[in-house]
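We name chains A, B, ... by the order of the sequence lines, and we start the count at 1 in each one.
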Protein chains: 2
Amino acid sequence: MTKPCIICVAITGSVPTKADNPAVPITVAEQVESTQEAFEAGATICHAHVRNDDGTPSSDPEKFARLKEGLEKHCPGMIIQFSTGGRSGAGKTRGGMLSLRPDMASLSVGSNNFPTRVYENPPDLVDWLAAEMVKYDVKPEIECFDLSHIHQAARMNRDGRIPGSLYVQFVMGVKNAMPVDRETFDFYIKTVERLMPGAEWCAAGIGPGQIVLNEWSVAAGGHTRA
Amino acid sequence: MTKPCIICVAITGSVPTKADNPAVPITVAEQVESTQEAFEAGATICHAHVRNDDGTPSSDPEKFARLKEGLEKHCPGMIIQFSTGGRSGAGKTRGGMLSLRPDMASLSVGSNNFPTRVYENPPDLVDWLAAEMVKYDVKPEIECFDLSHIHQAARMNRDGRIPGSLYVQFVMGVKNAMPVDRETFDFYIKTVERLMPGAEWCAAGIGPGQIVLNEWSVAAGGHTRA
Ligand SMILES: [Zn+2]
Ligand SMILES: [Zn+2]
Ligand SMILES: [Zn+2]
Ligand SMILES: [Zn+2]
């Protein structure tokens, strides 16, 4: 029995700039064009960050609105997932675009270290973001940077803060957080199957970990991010 | 083959007050008296926080100095472990007492959520605390609130930031962090054996998890905190 593999394309991300890679799409027009190429090549989810004109991360709802409009026009049927990640803003500004009712949004349910700082997702902000997603009918992709984040998502599912079937993403290869580690990857899958039967999962590797995680995910029956 | 089980007594902790439990030792004199009872009952490590007179957490090196003096006098040979945990101060004040050269000190190597806030251990503070422990010959007890913290400790051991053999503690049962979970506990042990052969480990359960973790630890060959 096979199930279709969902390919999620993370356009832009929050960190790389044109200086790192001239191909990184920064403006909304560049993002739409780049996503359309991926969509025509088979990607079905677009995980989107937005940027200021100088390339720095933004969480401006107006930019997200224009991006959504462009994607709906040029990639009809593609699932649009907005990032509520902490690089683009602090506190509730991270969820200011959820009222645009994207199909999905990323949701971190715990805190962890990043290469040079703490990735802060305090409990009250997590609860607020989850409630906004319920209010606007946005399906969360739960970002698991560590094992306890899987437990926390299961707990929030049981008590109704994250209703319905879960979609989780394992993130590996972030310096000072979880490295790319096969035993941990296998245990993540086992834990998802044990604590949240029926959940879908995908995995994202950072930098050189990306291709490794893609291969592991596809072979293990998960979805994948490119 | 059996090995001796180390019993670590956590006097006072950082949260409970006399209002919660009149038996909680708050003053240095009360702490010394209470530790002496545990020492005579067989405890070999004293994990110590200090408090202000009103019961709020403190990281005052002068209080730690008086506690150390009292313990050395009344509990000769007991291993003294100071807490550098984040409830008692922010930033480098958390490590201000390391120059007193306690035998051990707790060291968190990653960040995670606590019941109502983020437990912040930014990478540069972790590195500074680890370096101070090297400088003053203090053996760290590495507090693992999540799986990636074990990986991070192993990485810091490999690159020399935490030299020598490792002593790690699994902490379970903190709300919004890792729950008391048997499969995770077993995987923690496996991960320690895989990544840091020869390391010693212990486990601490919070609240009702304490007795559970004590039983699991002793049965699995770890040390225990009471
Ligand atoms: Zn992202
Ligand atoms: Zn994904
Ligand atoms: Zn403590
Ligand atoms: Zn201990």
Side-chain angles (χ1 to χ4, degrees), chain A residues 86 90-91 108-127 129-130 143-156 158-159 161 170-195 206 209, chain B residues 86 90-91 108-127 129-130 143-156 158-159 161 170-195 206 209:
Chain A
S108 285
V109 297
S111 300
N112 52 275
N113 275 357
F114 267 179
T116 60
R117 64 180 183 91
V118 180
Y119 181 35
E120 293 186 51
N121 295 291
D124 54 353
L125 179 64
V126 171
D127 286 347
L129 287 168
E143 309 298 325
C144 297
F145 288 85
D146 213 333
L147 179 59
S148 78
H149 303 180
I150 297 175
H151 287 269
Q152 183 70 4
R155 193 179 303 123
M156 294 178 73
R158 283 196 303 272
D159 67 21
R161 279 176 289 170
F170 313 140
V171 187
M172 298 186 127
V174 177
K175 189 184 166 195
N176 294 327
M178 185 61 76
V180 174
D181 179 67
R182 181 69 209 208
E183 279 82 350
T184 298
F185 176 81
D186 291 339
F187 190 70
Y188 275 177
I189 297 174
K190 256 197 229 168
T191 303
V192 164
E193 288 170 350
R194 174 168 65 96
L195 299 180
I206 304 305
Chain B
S108 284
V109 297
S111 300
N112 53 273
N113 276 357
F114 267 0
T116 61
R117 63 179 184 90
V118 179
Y119 182 34
E120 293 186 51
N121 295 291
D124 53 354
L125 178 64
V126 172
D127 286 348
L129 287 168
E143 308 298 325
C144 297
F145 288 86
D146 214 333
L147 179 59
S148 78
H149 303 181
I150 297 175
H151 287 270
Q152 184 70 5
R155 192 180 304 123
M156 293 178 73
R158 283 195 302 272
D159 68 20
R161 279 176 289 171
F170 314 140
V171 187
M172 298 187 129
V174 177
K175 189 184 167 196
N176 295 327
M178 186 61 78
V180 174
D181 179 67
R182 181 69 210 208
E183 279 83 351
T184 298
F185 177 80
D186 291 339
F187 190 70
Y188 275 176
I189 297 173
K190 255 198 230 169
T191 304
V192 164
E193 289 171 349
R194 173 168 65 96
L195 299 181
I206 304 304

- Item | Partner chain A: residue of B/Leu147, B/Asp146, B/Val118 with the largest heavy-atom pair count (under 4.5 Å) | B/Asp146
- Task: With a 4.5 Å cut-off on heavy-atom pairs, point out which of B/Val126, B/Ile150, B/Val109, B/Asp181 contacts chain A the most.
- Result: B/Asp181
- Note on the structure: Between the CZ atom in B/Phe114 and the OG atom in A/Ser111, the distance rounded to the nearest 0.5 Å is 11.0 Å
- Item | Most chain A-contacting option - heavy-atom pairs closer than 4.5 Å, from B/Arg117, B/Arg194, B/Met178 | B/Arg194
- Message: At a 4.5 Å cut-off on heavy atoms, which part of A/Thr191 comes close to chain B: side chain, backbone, both, or neither?
- Response: neither
- Spatial distance of atom OG (B/Ser148) from atom NE2 (A/His149) [nearest 0.5 Å]: 7.5 Å
- Message: Counting heavy-atom pairs under 4.5 Å with chain A, which one of B/Asn112, B/Asn176, B/Thr184 comes out on top?
- Response: B/Asn176
- Task: Taking all non-hydrogen atoms of both residues into account, name the closest pair between A/Pro123 and B/Pro115 and its distance.
- Result: CG-O, 3.7 Å
- chain B heavy atoms under 4.5 Å from A/Asp124: which part of the residue, side chain, backbone, both or neither? neither
- Message: What's the separation between atom OG in B/Ser108 and atom CG in A/Asn113, rounded to the nearest 0.5 Å?
- Response: 10.0 Å
- A/Tyr119, part contacting chain B, at a heavy-atom distance under 4.5 Å: neither
